[in-house]
Amino acid sequence: MTDSCPPGLPKPNGPYDHYDAVTYTPYPINIPRARRHVAHLTTTMGHPHSAGDAALLASELCTNALLHGCLRDRLFRVETSLTGNALRVAVTDPRGDRLPYPQTSTPDDQFGRGLLIVRTLAARWAVEKLTVGKTVWAELDIPENPTAPAPRRIESFRSPRRP
């Protein structure tokens with residue numbers, strides 16, 4: 001396997017309260033592993049009420065990386081960081097030429113809702129193009145009181161009407 005995510009890349013937003021990075025092989029079994037790892041880290045960092053949302057963000061970002069961003073024998077990386085009142089989940093994959101974009105899906109579509117979930121849960125999200133590959137990240141706002149539930153940003157949206 002070739003690591004398409006070399007260590008030592010600049011970290012966004014400077015110093016962290018907590019930081020973790022794990023590199024995974026591009027196989028579906030690693031999506032639940034990454035999800036569980038991010039949930040465990042979020043709880044360990046003292047924010048158990050945000051663990052479910054952080055795990056769901058990790059799952060959606062990893063699934064997108066696996067389906068659209070990975071190449072055979074090239075790894076992807078999941079970074080989890082806590083800075084002040086924001087928890088960031090970032091997934092780096094080797095395909096910088098395939099940028100994610102929100103899609104409109106119908107109720108019968110099997111795919112196409114991942115970024116809608118990310119946009120609904122995250123306070124902020126973006127894509128950063130790298131020399132090789134890209135990083136897609138999403139941030140959750142974390143409350144000052146670790147025992148309080150994290151604030152949710154709920155967007156209203158309608159399902160497209162079928163003719």
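What you see is a predicted model, and the numbers here were worked out from it, not measured in a lab. Start at 1 with the first residue, then count along the sequence.
Between the CD1 atom of Ile31 and the CD atom of Glu60 there is a distance of 9.0 Å, given to the nearest 0.5 Å. Note that OG1 of Thr44 and CG of Leu82 are 11.5 Å apart. Values are rounded to the nearest 0.5 Å.
His40 NE2: 12 or fewer foreign heavy atoms inside a 6.0 Å radius.
Put simply, the side chain of Ser59 never gets that close to the backbone of Ala55: no donor and acceptor are under 3.5 Å apart. Distance alone, capped at 3.5 Å, is enough to place a donor-acceptor pair between the Asp17 side chain and the Gly84 backbone. Using a distance-only test at 3.5 Å, with no hydrogens or angles considered, no donor-acceptor pair links the side chain of Asp20 to the main chain of Thr80. At distances below 3.5 Å, at least one donor-acceptor pair connects side-chain atoms of Lys134 with backbone N or O atoms of Arg95.
Between the side chains of Glu139 and Trp125, not a single donor N or O lies within less than 3.5 Å of an accepting N or O.
Closest heavy-atom contact between Ala54 and Leu87: CB-CD2, 3.5 Å. Here the shortest heavy-atom pairing between Pro94 and Val132 reads O-CG1, 4.3 Å. Closest non-hydrogen pair, Leu140 versus Ala122, comes out as CD2-CA, 4.3 Å. Taking both residues in full, the closest heavy atoms of Ile142 and Ser50 are given as CD1-OG, 3.5 Å, listed atom of the first, atom of the second, then distance.
Asn64 is not listed as a side-chain neighbour of Val136, based on a closest heavy-atom distance of 4.5 Å or more. Side-chain contact between Glu79 and Tyr19 is present, with at least one heavy-atom pair separated by less than 4.5 Å.
Hydrophobic clustering (ILVMFWY, side-chain heavy atoms < 4.5 Å, transitive): Val22 and Met45 are in one cluster.
Remark: of the listed residues Thr23, Val91, Thr92, Val91 is the sole one forming a side-chain contact (heavy atoms from CB on, under 4.5 Å) with Phe76.
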Pair Asp141-Arg124, salt bridge (Lys or Arg N to Asp or Glu O under 4.0 Å): steps then yes or no
CA-CA 9 Å; Asp141 287 333; Arg124 293 160 296 286; 2.8 Å; yes

Go through Ile29 and Arg33 one step at a time and tell me if the side chain to side chain contact (heavy atoms under 4.5 Å, CB included) criterion holds.
CA-CA 7 Å; Ile29 189 68; Arg33 286 179 179 156; 3.8 Å; yes

